Amino acid sequence: MTSKNVVVSDAKSSLAIGVHASNSSIFTASAQKPPAVPGGYLSISKAKVLKNLEINGNARINAWVDSMKASSPTHIKSTPSLADEQNSWMLGLPSALDMFEHIIEASRGKQIVMFMDYDGTLSPIVDDPDRAFMSKKMRATVRKLAKCFPTAIVSGRCLDKVYNFVRLAELYYAGSHGMDIKGPEKGSKNNKSTEAVVFQPASEFLPMIDEVYRELVEKIKSTPGAKVENNKFCVSVHFRCVEEKKWSELAHVVKSVLKEYPKLRLSQGRKVLEIRPTIKWDKGKALEFLLESLGFANCTDVFPVYIGDDRTDEDAFKVLRERGQGFGILVSKTPKDTSAFYSLQEPTEVMGFLQRLVESFYMANQECKKVLL
């Protein structure tokens, strides 16, 4: 790790992050060696990128647009076989609420670590991304959760934006799909150390991201409802308020801008196209980095839980499957291909699941106290 990509508030070689462990005590991970930092962008020539965009661009854009249309409410309601498909899907991806006791049994004796997306998971999906507020009850629930388990928010939003939505200093935050990570603030209950870690593996791309953002803002002015969001280390182009018949046209506009930036890549999310650096970093890498920073890199008694609703969360679900530890929970009302183990339909169900986790934690602690007495 170099000082270029990682900044620590005190210039020391060790990393110390305090969190609540399952026995209600504070544990500290000292001098943990963080995972390797990507040394730059993927080696892709501009000529190769332009050629690929010309050959595969139209087919890829059509696939993105079709995927976004398939997930829109108007198309979902018009599908006659949806009920049968939903029932079949739920057999393979049961509700985390229905399977709660099985989940608790699987995590018994292990340290639960919570990871959650924000939009569509802790807050509902709304037309205006700037108004994706979480409820007071959800915030109170997440605050209680963080008192029981190490808790992180992993979002495509820039770190500052997601922090302003959540406003809980005791959490870990990974913004811009994990390219901007920050630990709990000094003096918070989850951070008894004198250091706060900031991890930014794509800092060299900031000027380029700003340039692309300005170009896209100018280019999409003629498309009613289109919105471009600067998420610091990535740019999001939102399709939520754009007429479906204009989606393909808008996607081509975005692709035309990206042609000039071979060090950036384009991916599709939930009614959004996102432009990110071509480094090997995503939400799954962010999950691994946080686990290692917390001292759980090679632990067999850790139980990570990741809850998310978007395609970008699949990177984290896959990491958990590969580790053979913990599980992913997909938040969705409709069938999707996923690497998650369980499902929840909407943020209200997410809140119910988190509340039961908190209750389970305190019940287990009361049982421990009785045994000790």
Side-chain angles (χ1 to χ4, degrees), residues 67-68 70-73 75-76 82 85-100 102-103 112-127 129 131-135 137-139 141-142 145-146 149 151-157 162 165-166 171 173-175 177-178 236 238 240 267-272 274 282-284 286-287 303-321 326-358:
S67 177
M68 286 191 281
S71 64
S72 68
H75 287 264
I76 292 168
L82 179 63
E85 189 179 353
Q86 179 80 23
N87 291 336
S88 175
W89 183 66
M90 289 301 292
L91 289 174
L93 200 74
S95 165
L97 288 171
D98 292 343
M99 301 297 290
F100 186 80
H102 294 273
I103 292 169
I112 293 176
V113 184
M114 294 298 302
F115 299 89
M116 296 173 289
D117 184 22
Y118 181 75
D119 293 272
T121 299
L122 298 180
S123 73
I125 294 294
V126 294
D127 289 338
R131 300 192 62 80
F133 304 117
M134 67 193 305
S135 67
K137 284 182 97 172
M138 180 67 88
R139 180 174 291 105
T141 299
V142 174
L145 184 76
F149 317 108
T151 301
I153 307 296
V154 186
S155 172
R157 301 265 195 168
V162 73
F165 277 127
V166 179
L171 304 187
Y173 291 89
H177 300 285
S236 302
H238 296 282
R240 297 174 193 173
S267 61
Q268 178 227 328
R270 190 171 176 179
K271 293 189 181 180
V272 64
E274 294 181 311
D282 51 40
K283 290 184 176 182
L287 182 152
F303 198 82
V305 178
Y306 189 104
I307 309 177
D309 74 307
D310 206 347
R311 290 180 63 156
T312 57
D313 298 309
E314 290 297 326
D315 294 315
F317 296 156
K318 288 173 186 174
V319 164
L320 294 183
R321 277 195 178 269
F327 56 85
I329 300 176
L330 175 67
V331 183
S332 178
K333 289 185 176 180
T334 58
K336 294 180 181 179
D337 289 332
T338 183
S339 293
F341 283 76
Y342 301 103
S343 64
L344 292 168
Q345 291 201 8
E346 56 192 359
T348 53
E349 286 198 355
V350 172
M351 183 167 65
F353 177 81
L354 299 180
Q355 287 171 341
R356 289 184 68 178
L357 271 182
V358 171

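Count residues from 1 along the sequence. Treat the numbers as computed from the prediction; the structure is a model and nothing was measured.
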For Met114, the option from Ile153, Leu171, Thr151 that meets side chain to side chain contact (heavy atoms under 4.5 Å, CB included): Thr151

Could you state the interatomic distance from OH (Tyr173) to OH (Tyr118), rounded to the nearest 0.5 Å? 9.5 Å

So how far is it from Leu97 CG to Gln355 CD, rounded to the nearest 0.5 Å? 10.0 Å

Does a side-chain heavy-atom distance below 4.5 Å link Leu287 with Leu320? yes

If only side-chain N and O atoms count, and only distance matters, is there a donor-acceptor pair under 3.5 Å linking Lys318 with Ser339? no

Check whether any side-chain heavy atom of Val272 lies under 4.5 Å from a side-chain heavy atom of His238, and answer yes or no. yes

Reference residue Asp117; test side chain to side chain contact (heavy atoms under 4.5 Å, CB included); the match among Val162, Val154, Asp309, Ile307: Asp309

Exam field: side chain Arg157 to backbone Asp119, donor-acceptor pair closer than 3.5 Å: no

In Å and rounded to the nearest 0.5 Å, what is the CG to OG1 distance from Leu330 to Thr338? 4.5 Å

Mind checking whether Phe303 and Phe327 have ring centres under 6.0 Å apart? yes

For Lys271, is there any backbone N or O sitting under 3.5 Å from a side-chain donor or acceptor partner on Arg240? no

Between Glu346 (side chain) and Pro124 (backbone), is there a donor-acceptor pair under 3.5 Å? no

Mark yes or no: Arg139 above the aromatic ring of Phe133, with NZ or CZ under 6.0 Å from the six-membered ring centre and no more than 45 degrees from the axis. no

Considering all heavy atoms, the nearest Val331-Gly120 contact: CG1-O, 3.4 Å

Which atoms form the tightest heavy-atom contact between Asp337 and Glu314, and what is the distance? O-OE2, 3.9 Å

Starting from the C-alpha separation in whole Å, work towards a yes-or-no answer on side chain to side chain contact (heavy atoms under 4.5 Å, CB included) for Ile103 and Phe353. CA-CA 11 Å; Ile103 292 169; Phe353 177 81; 3.9 Å; yes

For the residue pair Phe115 and Tyr306, does the interplanar ring angle fall in the parallel (under 30°), tilted (30 to 60°) or perpendicular (over 60°) class? parallel

Hey, is the main chain of Arg270 close enough, under 3.5 Å, to the side chain of Asp310 for a donor-acceptor pair? yes

Approximate separation, where rounding is to 0.5 Å, of Leu122 CG and Met138 CE: 5.0 Å

Side-chain donor/acceptor of Arg131 to backbone N/O of Val126, under 3.5 Å: no

For the CD atom of Glu349 and the CG atom of Leu354, what is their distance to the nearest 0.5 Å? 11.5 Å

Whether Ser343 side chain and Leu93 backbone form a donor-acceptor pair below 3.5 Å: yes

Non-neighbouring partners of Ser135 that pass side-chain hydrogen bond (donor to acceptor under 3.5 Å, both in side chains), sequence neighbours left out: none

Closest non-hydrogen contact found for Phe317 with Gly328 is CD2-CA, 3.6 Å

Give me the atom names and distance for the closest heavy-atom approach of Arg321 to Phe341. CG-CE1, 3.4 Å

Please report the shortest heavy-atom distance between Ala174 and Ala286, naming the atom on each side. CB-CB, 4.4 Å

Side-chain contact, heavy-atom cut-off 4.5 Å: Glu274 with Thr312? yes

